[in-house]
Amino acid sequence: MKIKGKHYHTIWLKKDDPQTVQVIDQRKIPFQFEVFNLRTVDDTYFAIKEMVVRGAPLIGITAAFGMYLALLNTKQKNLEEHLQKTADYLKSSRPTAVNLAFAIDEMLEFILKEKENPQLIQETLEKVHSFKEKEIHYSEKIGEYGLQIIEEIYAKKQDTVNILTHCNAGWLACIDWGTATAPIYKAHRKGIPVHVWVDETRPRNQGARLTAYELGEEGVQHTVIADNTGGHLMQHGKVDLVLVGSDRTTVTGDVANKIGTYLKALAARDNGIPFYAALPSSTFDWKMENGLAEIPVEERGTEEVAEIEGWTGTKIRRVRLIPENSPVANYGFDVTPARLVTGLITERGVCKANKKSILKLFPEKIQL
Ligand code: MRU
C-alpha cells in the first residue's frame, strides 16, 4: 500500500546489500517515517520485542528474515546448535501470535534439511521471499472474500457501510493489504461507500496511530474513537459490521486478538451485529482446542499503561498519566470465544468459527 503516494511493503531486503533487512519503524508512525535496519539476530529480536514491527503476519516474516540473518552469521561447524538456539531466542520475543513460531519452525526445518546445499544462503533467502509473497497473497484473498460480506450489507442497506475495527490489522501489521483492512480497501476501490470506526486501542494506540494513518493514506473515510465508544455506537445503529484481525485462532475458532476485542464481540452479540475475524492460515493454531485455557497472553511493560506517547509538533514525547505509586497491569491480548464469532475470513473463504467448518476449508490439517 502507499505512504505519501509511494508503494511500500513493511519489510524488504536492502537494495544492493543482502546482509541488511529493512523495515518501517512503526514506533514512529504517523509522526515520522523512518526505516530501521536489521543486520543481526539481536536486531531482529529487538525489533519484534520493542514493536518496531508488530502484527502477527509481519512478526512471522521478520523472524523468517531473522533466521536468514542467523545463517549469514553462523560458522558451518555449529550450524544446527546455533540455529536451534536462535529459533528459541526469537520465539521468546513475543508469545501470543502463533505466526512467529510457525515461521521460525518452517525456516529451521528448511535450513537444516538443505544444510549441505552449496546454494544454502541463496535458497534460504528465496524461501523467506516466498513466505513473504504467500502472506501478501493470503491478505489479498482475505480482501476478496471479506468484500463479499461488505457487498451483502451494502446491497441491503444501500447506504454507507459502517465498520468498527480494533487495533491495527492493516497492511502495516502484514506485508501488504492487511487482514481486517483488506476487505475495506477492496470495497473502497470498488466504489462501495465505507466508513470505519477506529478504536484508539490503548495502551499503544495502534488504532489511533497506525490504522487511522493507513486508512487516511488510502482515502478511506474513518473516525477515531476512544476504546469504550463501540458499545454505544452499536446500540444506536451506527455499526453494521465488526471486523478484526487475530494473533492466534484455535482450530476450534477461539480468537486471540488485541486486548479489548472480546468486549467488542460481546457488544456486537448483544446488538445483533456480525463480528468477523480475518486471518491467514498462518494465524491458526492447528493443535490448540481451548483458547481461553491455552493461548499465552503477553504481559508487557507497565510504562505502556502508566505513560502515553504523542507528538509535540517537533518530536515524539512520552508523559506520565497516573499517580507515581499506582500499580499497573498490562495484558496485551484477550480471547474471544468462538461462540461470539460470526465467522472467520481466510484466504480460502469464509467459515464458521468451529472445528468442522475450519477443517473443511483446510482438510490437509486434519491429521495434525
Ligand atoms: O501488539 P500488536 O500491535 O502486535 O497487536 C496486533 C494485533 O492485535 C492485530 O490485530 C493482529 O496481529 C492481527 S494483524 C493482521
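Only a predicted model underlies this, so the values are computations on that prediction, with no experimental measurement involved. This chain uses plain numbering: 1 for the first residue, then up along the sequence. Both backbone and side-chain heavy atoms feed into the values below; hydrogens, waters and symmetry mates do not.
Between Glu34 and Lys28 there is a salt bridge, with a side-chain nitrogen of the basic residue lying less than 4.0 Å from a carboxylate oxygen of the acidic one. Between Arg300 and Glu298 there is a salt bridge, with a side-chain nitrogen of the basic residue lying less than 4.0 Å from a carboxylate oxygen of the acidic one.
Aromatic pair Tyr213/Phe33: ring centres not closer than 6.0 Å. Taking the six-membered ring where the residue is Trp, the centroids of Phe362 and Trp286 are separated by under 6.0 Å.
Both cation-pi conditions hold for Lys127 and Phe131: the charged atom is under 6.0 angstrom from the six-membered ring centre and inside a 45 degree cone around its axis. For Lys258 and Phe333, the positive end sits near the middle of the six-membered ring, less than 6.0 Å away and at most 45° from its axis.
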After noting the C-alpha distance and the side-chain angles of Arg54 and Asn168, does the key distance pass the side chain to side chain donor-acceptor pair (under 3.5 Å) rule?
CA-CA 9 Å; Arg54 26 70 50 204; Asn168 173 259; 2.9 Å; yes
Check the pair His129, Phe65 against ring-ring contact (aromatic ring centres under 6.0 Å, His included), reporting the backbone distance first and the verdict last.
CA-CA 9 Å; His129 277 132; Phe65 271 112; 5.8 Å; yes
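Among Asp285, Asp254, Asn99, the single residue meeting the side chain to side chain donor-acceptor pair (under 3.5 Å) criterion with Arg248 is Asp285.
Thr124 and Glu114 form no side-chain donor-acceptor contact under 3.5 Å, judged by distance and modelled atom types alone. Looking at Glu289 and Thr250, their side chains never bring a donor and an acceptor atom within 3.5 Å of each other.
Annotation for Val305 and Ala329: closest pair CG2-O, 3.8 Å, computed over non-hydrogen atoms. The minimum heavy-atom distance linking Trp171 with Thr10 is given by the pair O-CG2, 3.3 Å.
Relative ring orientation between Trp12 and Tyr8 is described as tilted, the plane-to-plane angle lying within the 30° to 60° band.
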